[in-house]
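See below for the structure under consideration.
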Number of protein chains: 2
Amino acid sequence: MTTYNIGVEATMEIIGGKWKAIILCHLRHQAMRNGELRRAIPQITQKMLTQQLRELEHDGIISRTVFDQIPPHVEYALTARGDSLSGLLNQLCRWGEALIDSRRAAGEQITLRHRDDVNLLPPEDAHGAENQKG
Amino acid sequence: MTTYNIGVEATMEIIGGKWKAIILCHLRHQAMRNGELRRAIPQITQKMLTQQLRELEHDGIISRTVFDQIPPHVEYALTARGDSLSGLLNQLCRWGEALIDSRRAAGEQITLRHRDDVNLLPPEDAHGAENQKG
DNA sequence: TGCCTTACGCACCTTTTAGTGCCTATGGAG
DNA sequence: CTCCATAGGCACTAAAAGGTGCGTAAGGCA
């Protein structure tokens, strides 16, 4: 018998850890191959990527599709259940972006490579200019 | 120079880990004392609670107010920046609740003590073509 | 005096998570 | 033949996260 005190515990079991939320954020927009994910997340090791993908697959969040080719071709994509996380993942990205903005505005040396969307952070920062993606 | 590839990395640095999101979820509704949080999160140890609260305070997410009394009285509350997480925290709770519901519906022995809100998860879904390598 | 309360520091130990290096398989290019 | 690319298994090690136990402070109370 598994007992949770509050729903967030179950959510964090699935998207917690250093890599899972990052992987899922990349998979929001399109299915990706192992190598594409590795390039999108340069710091991750092959071992960790495989391990995290296996766990997400086991939890029913992503699907793994093997194209029987040489060299191997495997694609990972969000399942319906994974897709139900996309609003949450968007918010995780946007909140982080706003945090980075406000820290940079406060003089910290911070950069962000891939921006998703815009500001939703509090007072410390007057709201900034909006940024359109192409 | 700190560099992030995607916003979610910054967010997870702050609410990641086993306890932080849980603590923040409890603080969404009211300020709480050390002992209240400990009772609300029975599995956490005093050391971990203190440590996580310190980190959240350092990150500007919660405030720590000391009432100069004997015995000591200290209250923790979300700051404006912490409060900007509340929508996100609500979603983390609700998604987890929906996941627990669907697992219980699938026959798993799962319970949830404190419920926040309702369903936003999809039905158990068959995922796409999944080939197995042999 | 000795024990209650609350909050929390610190040293030490265990468990979990993450990283490194080496190995397989296959067909084509050189 | 050897090397390339792709995906990833497996053994071992390093680092981070988490847990245990003990000590402090200061006033109230039996």
Side-chain angles (χ1 to χ4, degrees), chain A residues 2 4-5 8-10 12-24 26-27 31-59 62-77, chain B residues 2 4-5 8-24 26-27 31-59 62-77 128-134:
Chain A
T2 310
Y4 296 97
N5 290 291
V8 66
E9 293 173 17
M12 294 307 282
E13 274 186 12
I14 289 187
I15 65 162
K18 190 170 176 180
W19 303 112
K20 286 184 182 169
I22 298 172
I23 291 169
L24 292 173
H26 286 290
L27 292 176
M32 292 176 78
R33 302 179 55 173
N34 179 313
E36 292 178 304
L37 283 166
R38 235 179 28 223
R39 281 185 288 277
I41 314 172
Q43 300 77 13
I44 203 170
T45 60
Q46 177 61 57
K47 174 193 159 182
M48 289 311 296
L49 180 56
T50 303
Q51 185 179 301
Q52 304 299 301
L53 289 169
R54 289 288 181 282
E55 290 176 15
L56 289 168
E57 187 191 3
H58 174 262
D59 289 334
I62 64 173
S63 62
R64 176 171 181 271
T65 307
V66 178
F67 296 84
D68 205 2
Q69 301 177 356
I70 297 290
H73 180 154
V74 179
E75 274 187 10
Y76 298 93
Chain B
T2 309
Y4 296 97
N5 291 291
V8 65
E9 292 173 16
T11 307
M12 294 307 283
E13 274 186 14
I14 290 189
I15 66 163
K18 191 169 175 180
W19 303 113
K20 285 182 181 168
I22 299 173
I23 292 168
L24 293 173
H26 285 291
L27 292 176
M32 292 176 77
R33 302 179 56 172
N34 179 311
E36 293 179 302
L37 283 166
R38 234 180 28 226
R39 282 185 289 278
I41 313 171
Q43 299 80 10
I44 203 172
T45 59
Q46 177 59 59
K47 173 194 160 181
M48 288 312 296
L49 180 56
T50 303
Q51 186 179 301
Q52 303 299 300
L53 289 169
R54 287 288 180 282
E55 291 177 16
L56 289 168
E57 186 192 4
H58 175 263
D59 289 332
I62 64 172
S63 63
R64 177 170 179 273
T65 309
V66 178
F67 296 84
D68 205 1
Q69 302 177 356
I70 298 291
H73 180 156
V74 179
E75 273 186 11
Y76 298 93
E130 265 180 294
N131 302 342
Q132 244 63 286
K133 281 189 84 170

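Letters go in sequence order (proteins before strands), and every chain restarts at 1. No experiment lies behind these values; they were computed from the predicted model shown.
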Here the distance between atom P of C:dT6 and atom CE of B:Met32, to the nearest Å, is 14 Å
Euclidean distance, atom CG of residue B:Leu49 to atom P of D:dA17 [Å, nearest integer]: 17 Å
In whole angstrom, give the distance that lies between atom CG of B:Leu37 and atom C1' of C:dA7. 12 Å
Euclidean distance, atom CD1 of residue B:Ile70 to atom P of D:dG28 [Å, nearest integer]: 9 Å
Please report the interatomic distance NZ(A:Lys18) to CD(A:Gln52), rounded to the nearest 0.5 Å. 10.5 Å
Please give, in whole Å, the distance from D:dG18 C1' to A:Met12 CE? 16 Å
Do A:Lys20 and A:Ile14 make a side-chain contact, defined as non-hydrogen atoms from C-beta onward lying under 4.5 Å apart? no
Sugar-phosphate, base or nothing in reach of A:Gln52, heavy atoms under 4.0 Å: sugar-phosphate
Do B:Asn5 and A:Ile22 have side chains that get closer than 4.5 Å, going by heavy atoms? no
How does each nucleotide of nucleotides 6-15 of chain D score, in 5' to 3' order, for protein heavy atoms under 4.0 Å: base (B), sugar-phosphate only (S), or none (-)? BSBS------
Taking all atoms of both residues into account, what is the closest heavy-atom pair of A:Pro72 and A:Arg33, and its distance? O-NH2, 3.2 Å
Using the test side chain to side chain contact (heavy atoms under 4.5 Å, CB included), find all partners of A:Arg38 that sit at least two apart in sequence or belong to another chain. A:Asn34, A:Ile44, A:Gln46, A:Leu49
To the nearest angstrom, the NZ-P distance between B:Lys18 and C:dT15 comes to 12 Å
Can you measure A:Gln69 atom CD to C:dG27 atom P for me and round it to whole angstrom units? 13 Å
Can you check the B:Lys20 NZ to D:dA16 C1' distance for me, whole Å? 13 Å
Atom of A:Met12, atom of B:Ile15 and distance for their closest heavy-atom approach: CE-O, 3.7 Å
